[in-house]
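Below, all heavy atoms of this structure are taken into account, side chains as well, without hydrogens, waters or symmetry copies. One-based numbering along the sequence shown.
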Amino acid sequence: MRTMWKGAIGFGLVSVPVRLYAATQEHGVKLHQVHDADGGRIHLKRVCDVCSEEVDYEHIAKGYQDDEGHVAVVTKEEMAELPLPSKRLIDVLAFVDADRIDPLQLSGAYYLAPESAAANKPYVLLRETLKQTERVAVTKIALRTRESLALLRVHDELLTLHTMYWPDEVRDSGDLAPPSSVTVRPQELKMATSLMDTLSEDFDLDALEDEYEVALAELISAHLEDRPAPRKETAPAPDNVIDLMAALQASIDRAAERGDTDEQKEEPAGRRPRGAAKKTAAKKTAAERKPTKAKAPSAEKKSAKRTTAKKSAAAGKTAAKTTKKTAARKSSRAS
C-alpha cells in the first residue's frame, strides 16, 4: 500500500513515529462523460468568467466571496505558511471510553503502522494500554491541509485512525423522530425480536456483494458484445403497513421458508431435507407416546361373521329335522 502520511503519535512526552495508509477503497466501474450520439469523450475546461480564457492548474488559487461580492484570493504559498501544529503530529487530546463516541461522527478509516523498528516498542505499548483499558484516543490530525478530529483505536494487532466530523458539523436531528405518544405493545416487541433472530441465522457479512455493481457490469458487457441488455425488476418498497402483527408474522414465515429452501439446496442428491427428517422423527416419537387402542373390526370381518353364524344356524335346523324323521321311522317299524 502507498503511504499517505508520515508523522508521529504524541501523548505527553511519548512519541510514536508512524505511517498512515488508507484502510478502505471504494469499488466500482469507472464511467466517463460521453456524447450520447457518437460516444466521444466530454472534457471539462477551467475557464475564467472574467477574461473568458482557459486557466492552467498552476495558476488556480483559492478564493472566498463575501455577501457583498468581494473576493479574497488566497494563494497556495499563503496556505502552506498557516500555523498547523497537527500537520505532522497525531496529537492525542484525551483517552475516553469507546461508548462515548457517537458513530455518526466517524468518517474515513486509516491504518497506522510503525515508521521504523525503533518505533515498535512505543507502538506496542500504546496498543496494549488501549486494549487493557478498553479506551480510545481522541486526537487531531491535518490531512490535505485540513485539520480534523480523529479517533485512535485498536483493530486486531494494529492501531487505526478514523477521521471525525467536528461536533458543530453534525446536524441537529430536530423533530424528525416520531412523537413520544407512539408506543408499541410487548407482543409486537416479541414478534420483532423473533424476526430479527430469524433473519440473523447463518448471516455471513463477507458473502455480501453490490448487486447494483454486478448489474452495471452485465449491462456494459452486453453493450460491448452487441447483445440485448439483461433486465431485472426491482421489487417496490411497501408504502404502508396496515396490520403490524400480521406483517411481522408474515416476515418471520417468509424468512423461515427461505432458510428451509437454502438447506434443501445444500443437501446432497438422494437425501431427504433436514426439516423432513425432523418431522418424521417427531411423528414417530408422538406415535410411540400414544397408548395402543384395540382396533374396531372392519366391515368385511363383521359380514364374514354374520355369514358364518347363518350357516351354522341352518345346519343345526337341518340336523334336527333329520333326527326327527329317523325317530319316526324307527317307531313305525317297532309297531
Do L151 and V96 land in one hydrophobic cluster if side-chain heavy atoms of ILVMFWY residues count as linked below 4.5 Å?
yes
With a 4.5 Å limit on heavy-atom distance, are the side chains of W5 and R19 in contact?
no
Neighbour count >12 (heavy atoms, 6.0 Å) for atom CG, D38:
yes
Whether D66 side chain and G69 backbone form a donor-acceptor pair below 3.5 Å
yes
Donor-acceptor pair, S173 side chain versus L176 backbone, under 3.5 Å?
no
Once rounded to the nearest 0.5 Å, what's the spacing between atom NZ of K140 and atom CD1 of I90?
13.5 Å
Hphob cluster co-occupancy, L224 + L216, side-chain heavy atoms under 4.5 angstrom:
yes
Give a yes or no on whether the backbone of H43 and the side-chain of Q33 come within a donor-acceptor separation of less than 3.5 Å.
no
What's the spacing between E26 CD and D210 CG if we round to 0.5 Å?
10.5 Å
Are V124 and L152 connected into the same hydrophobic cluster when the rule is that any two of I, L, V, M, F, W, Y join if their side-chain heavy atoms are below 4.5 Å apart?
no
Plane angle bin for Y111 and H155 - parallel if under 30°, tilted between 30 and 60°, otherwise perpendicular
parallel
Carboxylate-amine/guanidinium proximity below 4.0 Å for E134 and R153
no
Are any of the side-chain heavy atoms of V18 and L161 separated by less than 4.5 Å?
no
Would a 4.5 Å heavy-atom cut-off, applied to side chains only, mark L149 and T139 as touching?
no
Using only atom types and a distance under 3.5 Å, with no angle test, would you say the side chain of R88 pairs donor to acceptor with the backbone of K6?
yes
Taking atom CE of M196 as the centre, report whether more than 12 heavy atoms of other residues, nucleotides or ligands fall under 6.0 Å from it.
no
Determine the minimum heavy-atom distance between M191 and I252, stating which atoms define it.
O-CD1, 3.6 Å
Please report the shortest heavy-atom distance between C48 and V55, naming the atom on each side.
CB-CG2, 4.0 Å
Do any N or O atoms from the side chain of E78 and from the backbone of T75 form a donor-acceptor pair under 3.5 angstrom?
yes
Salt-bridge criterion met for R127 and E157 (N-O under 4.0 Å):
yes
Mark yes when over 12 heavy atoms from residues, nucleotides or ligands other than Q25 sit less than 6.0 Å from its CD; otherwise mark no.
no
Between A22 and M1, which heavy-atom pair has the shortest distance, and what is it?
O-SD, 3.8 Å
Within the 4.5 Å heavy-atom criterion, are V136 and V154 side-chain neighbours or not?
no
ILVMFWY cluster, V16 and L158 together (side-chain gap under 4.5 Å)
yes
Taking all non-hydrogen atoms of both residues into account, name the closest pair between A137 and L130 and its distance.
N-CD2, 4.5 Å
Heavy-atom closest contact (P17 atom, S15 atom, distance):
CD-O, 3.6 Å
Kindly give the heavy-atom pair with the smallest separation between T160 and H162, and that separation in Å.
OG1-NE2, 3.8 Å
Donor-acceptor contact present, side-chain E188 to main-chain R185, <3.5 Å:
yes
L112 side chain reached by L20 side chain, heavy atoms, under 4.5 Å:
yes
Student check: side-chain heavy atoms of F95 and T133 closer than 4.5 Å
no
Does a side-chain heavy-atom distance below 4.5 Å link Y110 with L143?
yes
Does the side chain of L125 reach to within under 4.5 Å of the side chain of V14, using non-hydrogen atoms?
no
Heavy-atom count around D175 CG within 6.0 Å, excluding the residue itself: above 12?
no
Would D49 and V47 count as a side-chain contact (heavy atoms from CB on, under 4.5 Å) here? Give the steps.
CA-CA 6 Å; D49 61 359; V47 178; over 6 Å; no
Rounding to 0.5 Å, atoms CG (D206) and CG (L208) come to a distance of 8.0 Å
For K76, is the NZ atom crowded, meaning more than 12 foreign heavy atoms sit under 6.0 Å from it?
yes
Measuring from I141:CD1 to S148:OG, what's the distance to the nearest 0.5 Å?
8.0 Å
Between CG on residue L106 and OG1 on residue T163, distance to nearest 0.5 Å
8.5 Å
Please determine whether side-chain contact (heavy atoms from CB on, under 4.5 Å) holds for the pair E213 and H27, giving the CA-CA distance in whole Å, both sets of side-chain angles, and the decisive distance to 0.1 Å.
CA-CA 9 Å; E213 196 67 24; H27 61 76; 4.0 Å; yes
In the hydrophobic cluster built from side-chain contacts under 4.5 Å, what are the other members alongside V71?
V73
Residue Y21 excluded, over 12 heavy atoms near OH under 6.0 Å
yes
Common cluster, F203/L195, ILVMFWY with side-chain heavy-atom separation under 4.5 Å
no
Return yes if a side-chain donor-acceptor contact under 3.5 Å exists between H59 and D56, otherwise no.
no
Please determine whether the number of non-hydrogen atoms from other residues, nucleotides or ligands lying under 6.0 Å from atom CZ of R227 exceeds 12.
yes
Do S107 side-chain atoms and M164 backbone N/O form a donor-acceptor pair below 3.5 Å?
no
Separation of E218 CD from R231 CZ (nearest 0.5 Å)
13.5 Å
Count the heavy atoms of every other residue, nucleotide or ligand shown that sit under 6.0 Å from CG of D67, and state whether that count exceeds 12.
no
